[in-house]
Amino acid sequence: MNHRIVTKNVALLYKEAGAYFGNLPAFATRDTATSWRPVSYKELYEQGLNLATGLISLGVSPRDHVGLFGDNRFEWILSDCAVQICGAADVPRGRDVTDKELIYIINHAGIKVTFAETQEICKRILRLKENLPLLEEIILLDPKATATGDVKHLSEVIDLGAQLRLNGDKRAEERMAQIKPDDLFTLIYTSGTTGNPKGVMLTHANIMSQVRNLPGKYDMSDRVLSVLPIWHIFERVVEMFTISFGGCTYYTSIMAMGEDMRNVEPTFMASAPRLWEKLHERILKNIKASHPVRQVLFHIAYFLAKQYFQSQQYMFNKQLQLKKQSLMLWYLLLPLQAIRWLLVMPWYGFFNAAVLERIRLGAGGSLKETISGGGALPIHIDKFFNYVGIPVLEGYGMTETSPVISFRTGDNLILGTVGPPIAETEIRILDTETGKILYQSSDPSIQTLGERGEICVKGPQVMKGYYKDQELTEQTITDGWLRTGDVGMVTYNNCLKILGRSKSTIVLSSGENVEPEPLEMCLLQSNFIEQAMVVGQDKKFLGALIVPSLSEFKTAGYEFQTMEDIARSPEALKIIRDEIRRMISSNNGFKIFEQIKDFRLLPDSFQVGEELTNLYKLKRYVVEKKFNHVINEIYSKA
Amino acid sequence: MEFTTQLLYGIDQALLALMIFVIMLGMGASLTIDDFKAVARNPKGVFIGFLSQFGLMPLIALGLAIVLNLPPFFALSLVLIGCLPGGTTSNMFTYFSRGNVALSISMTTASTVMALIMMPLLLTVYTSGIVEQISAQLAAKGEEGEFVIPTSNIITSLVMVLIPVVLGMILKKKSPGWAKTAEDTAGFVGLLVILYLLITAFSRHGHLFVQTPWQAYVATIGLGLGGFFFGFLASRAVGMPPISQRAISLETGIQNGPLSFAIILLSFPQEPMQSQMVWLAILYSTFIVISSSIITLYYRKVGQFDWDVYKNTMVHNRLFGKDYKTHYPKGYLPKNIVGDPSQGASVSQRRS
């Protein structure tokens, strides 16, 4: 009964989905918690044809770039559908796009026609009009807003197209037939660490390979919750994937997510580590606030689940294997693990049913899987959800690979890894110093396991290149192999483990290389630490910038009102110092040079759009620049 | 077989009484007045369940007793178990087997109330042969008097057991937090006490396990399995949707075990009759937990598809309005659920 639509291009995907899934809901928009508006696959495609015809008569040519500035909503997808039908490519960016980025992107991509979600963006674009010589048309998406002046409203363009089609206009259909697999489907601008944003060119062939190769058994009865920004390729691929199996995508927001999870009961979703950290925090808080008997029951249940899960991982050889394991030892310990598994099973069965199920209901209770992407999932969060039975799978990818390179599936659940590469995808591990190939998935003769190096990818999802930047494209892709700039290794059970960004590697003045991410992840395990960044490039030792958790200090009984109070308190400093020592010590396997010798507390937390990307990744260069004086202070005495 | 000593000591009896109290309190704490009203909303399902529980189950029990030629006290105990109403355990198993939980709760509620009439009636009808055997045995031993089923005692013990259920319902109204705790604790306590009884029986009367004739094992395992099987067949034959088939199947096979202990202790005080009857009840309670777990895992797997479709309908009706109809492409839905009237109208939506 599994029916997945795989076509040559995205326009055909919309078309065939409209024909096959017909009246099934494709996208749903929230009015109130229990009142949503569905749009069917048929309607989506019909309206898409109308809008596309409208766009064509506004002058959108094949292979044009059409701007699409806005966040998740049905009209966004409708615009995308129309742009695809026209044979054009869209250039998406969120509502939080800055003026500088708008000017750069619109001019660099040569955008003539653009969609703008809200009145506010329309106004901003109009204000910048002088700097945008190529821009001709602005189309407002928000159905509640009215378009004024030169701005057209989406409904006008749809009506225009509908009228033309009534009179026999077949240009939209003709356009669709001319799309080549190598044509761009989207042009995504990513902010680089330096200089201007880079335009990543993704083709129809790129995205369709993802739709074809993403694993998982989903069908028309599946529900997908959408919370990550749609203009990010990860969320976008998941929505295209959802269209291919006929599921319904429900648009929620970070604010309403908890409630919507319970009402929509999603079976699948794209997620980011931060969402799971938040949910984890909330669950623990609820448990702390619950009846003491229930707290005890939870702890018993969690303990049993952990034992059960660990035995099972051992027995099926699904542990994280960074070193070669002795088969003898494995067989020797196998009976012990089997006994533990058998002993724990009946109790686990009961507690799983009586206690852990309630926790799963907090995430809707129907989640078959969820892929976490866009950053590393802290191992304690990863463990927590997998122990309680919410299958959070970790994936790895980047915009340049549209985006999925590898992900850990439900039947290959090796915690701490991002799984094997997906179908049709090859990976290589290159020695970061010598450039020697340590591992190549397609070549059995070069398979050094457990050695770190830079990850390279080859496959149908690798981008066409950076728009108008041949030099950078050549630097990044050679012979079809794309250099990810990430450092990783292949484990002894053939899964990829990410060890950090090679670019974020801190080289101490002693010449030692340190990956800051694992250290930061360790620091974050402390409840007193909300956010952390490890610094020390070219210095004698590592330092850290710490954002303390105000709520945790309050819970612990301290009377701090603001973050600044904490930063000034010697007591708090001592607590954090002890926490750092506890988290990162030689007992935990950290080397001497990896230990954090000094730190500073920051009076404000890192903000999305400022120090964090939309997927909550640290923008190291921003933090370094902003807190330059604080960092200097750490190293001033030394 | 002969029991040389009493199976249950005073302390065990006290423990059992406590367990019955806790479990029944937990059962009450999971019920609301709405559940009684829900019975009226799904009369067909509850009626099929009723027929299956009070029609099929006692017959399966009697059939097993006759075919296996069980000793009279064992036979009496088996038929008694066969006539019991369903317990709350079935609701939990139904939930995890992706079955119709609302129907399971309705059936448990209805059968518990109906048991007041049905149990004495059924026992009188089905045990007449066994009673004659027991009387003959007594006469052969030269004891005076005739053995009769203590109907009034049974009704009294049923009523006594229903008191904590009512208390649980009151608790739920007064303090939902405590009610939730009571619900959680009940299942755990039930498991602990069964384990305790098994272990003490094993350590004190280790020979019992060997002495127990194989027929008793077959009968206690077979009763549950027979209930699952015939309950499934019957509900399938009358065209119930798959989620209800699973609920009725589990409800039929899983009886209110603790209730059997209460009735035996209060209504059949004579030894060795009591010990033998209790022993069979312990065996049933143990095996039913294991067999229901296995059946539940199986149902969960085979029921995945129709459950997904059912859930999707529920969510669509919740979010897009109760009149929203989900149109799947032709050929997607298999025959048995394509015209399922229960989809979208079930109260399970509100409970979860």
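Every chain is numbered from 1, with letters handed out A, B, ... down the list of sequences.
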Checklist outcome for this item: Rounded to the nearest 0.5 Å, the CG atom of B:Asn312 sits from the CE atom of A:Met220 at a distance of 11.0 Å
Checklist entry - Within a radius of less than 6.0 Å around OH of A:Tyr302, do more than 12 heavy atoms belonging to other residues, nucleotides or ligands occur? => result yes
Item to check | Minimum-distance pair of heavy atoms, taken over all atoms of B:Arg318 and A:Arg262 | outcome: NH1-O, 3.6 Å
Checklist entry - Is there a side-chain contact between A:Lys368 and B:Asp308, using heavy atoms and a 4.5 Å cut-off? => result yes
Checklist entry - Are B:Tyr328 and A:Asn23 close enough that a side-chain donor and a side-chain acceptor fall under 3.5 Å? => result no
Checklist entry - Of the backbone (N, CA, C, O) and the side chain (C-beta and beyond), which part of A:Thr32 lies under 4.5 Å from a heavy atom of chain B, both, or neither? => result neither
Checklist entry - Is atom NZ of A:Lys318 surrounded by more than 12 heavy atoms (other residues, nucleotides or ligands) closer than 6.0 Å? => result yes
Checklist entry - Should the heavy atoms of other residues, nucleotides or ligands under 6.0 Å from CZ of A:Phe316 be counted, would the total exceed 12? => result no
Checklist entry - Under 4.5 Å between any side-chain heavy atoms of B:His327 and A:Leu24, yes or no? => result no
Item to check | Straight-line distance of B:Lys311 NZ to A:Ser366 OG, nearest 0.5 Å | outcome: 4.5 Å
Checklist entry - Rounded to the nearest 0.5 Å, how far does CG of A:Asp31 lie from CG of B:Leu319? => result 11.0 Å
Next on the checklist: Between A:Ser221 and B:Tyr310, is the side chain to side chain contact (heavy atoms under 4.5 Å, CB included) condition met? List the steps.
Outcome noted: CA-CA 9 Å; A:Ser221 59; B:Tyr310 166 78; over 6 Å; no
Checklist entry - With a 4.5 angstrom heavy-atom cut-off, which part of A:Tyr20 approaches chain B: side chain, backbone, both or neither? => result both
Next on the checklist: As an exercise: rank A:Ala353, A:Gly22, A:Ser35 by heavy-atom pairs under 4.5 Å with chain B and give me the winner.
Outcome noted: A:Ala353
Next on the checklist: Is it the case that over 12 heavy atoms from other parts of the model lie below 6.0 angstrom from the OH atom of B:Tyr196?
Outcome noted: yes
Checklist entry - What do you reckon, is CZ of A:Arg212 surrounded by more than 12 foreign heavy atoms closer than 6.0 Å? => result yes
Checklist outcome for this item: Those residues at least two apart in sequence (or on a different chain) that pass ring-ring contact (aromatic ring centres under 6.0 Å, His included) with B:Phe320 are B:His316, B:Tyr324
Next on the checklist: I'd like to know which of A:Asp222, A:Leu297, A:Val355, A:Asn263 tops the heavy-atom pair count under 4.5 Å against chain B.
Outcome noted: A:Asn263
Next on the checklist: Checking B:Tyr284 now: which residues fulfil ring-ring contact (aromatic ring centres under 6.0 Å, His included) with it, not counting sequence neighbours?
Outcome noted: none
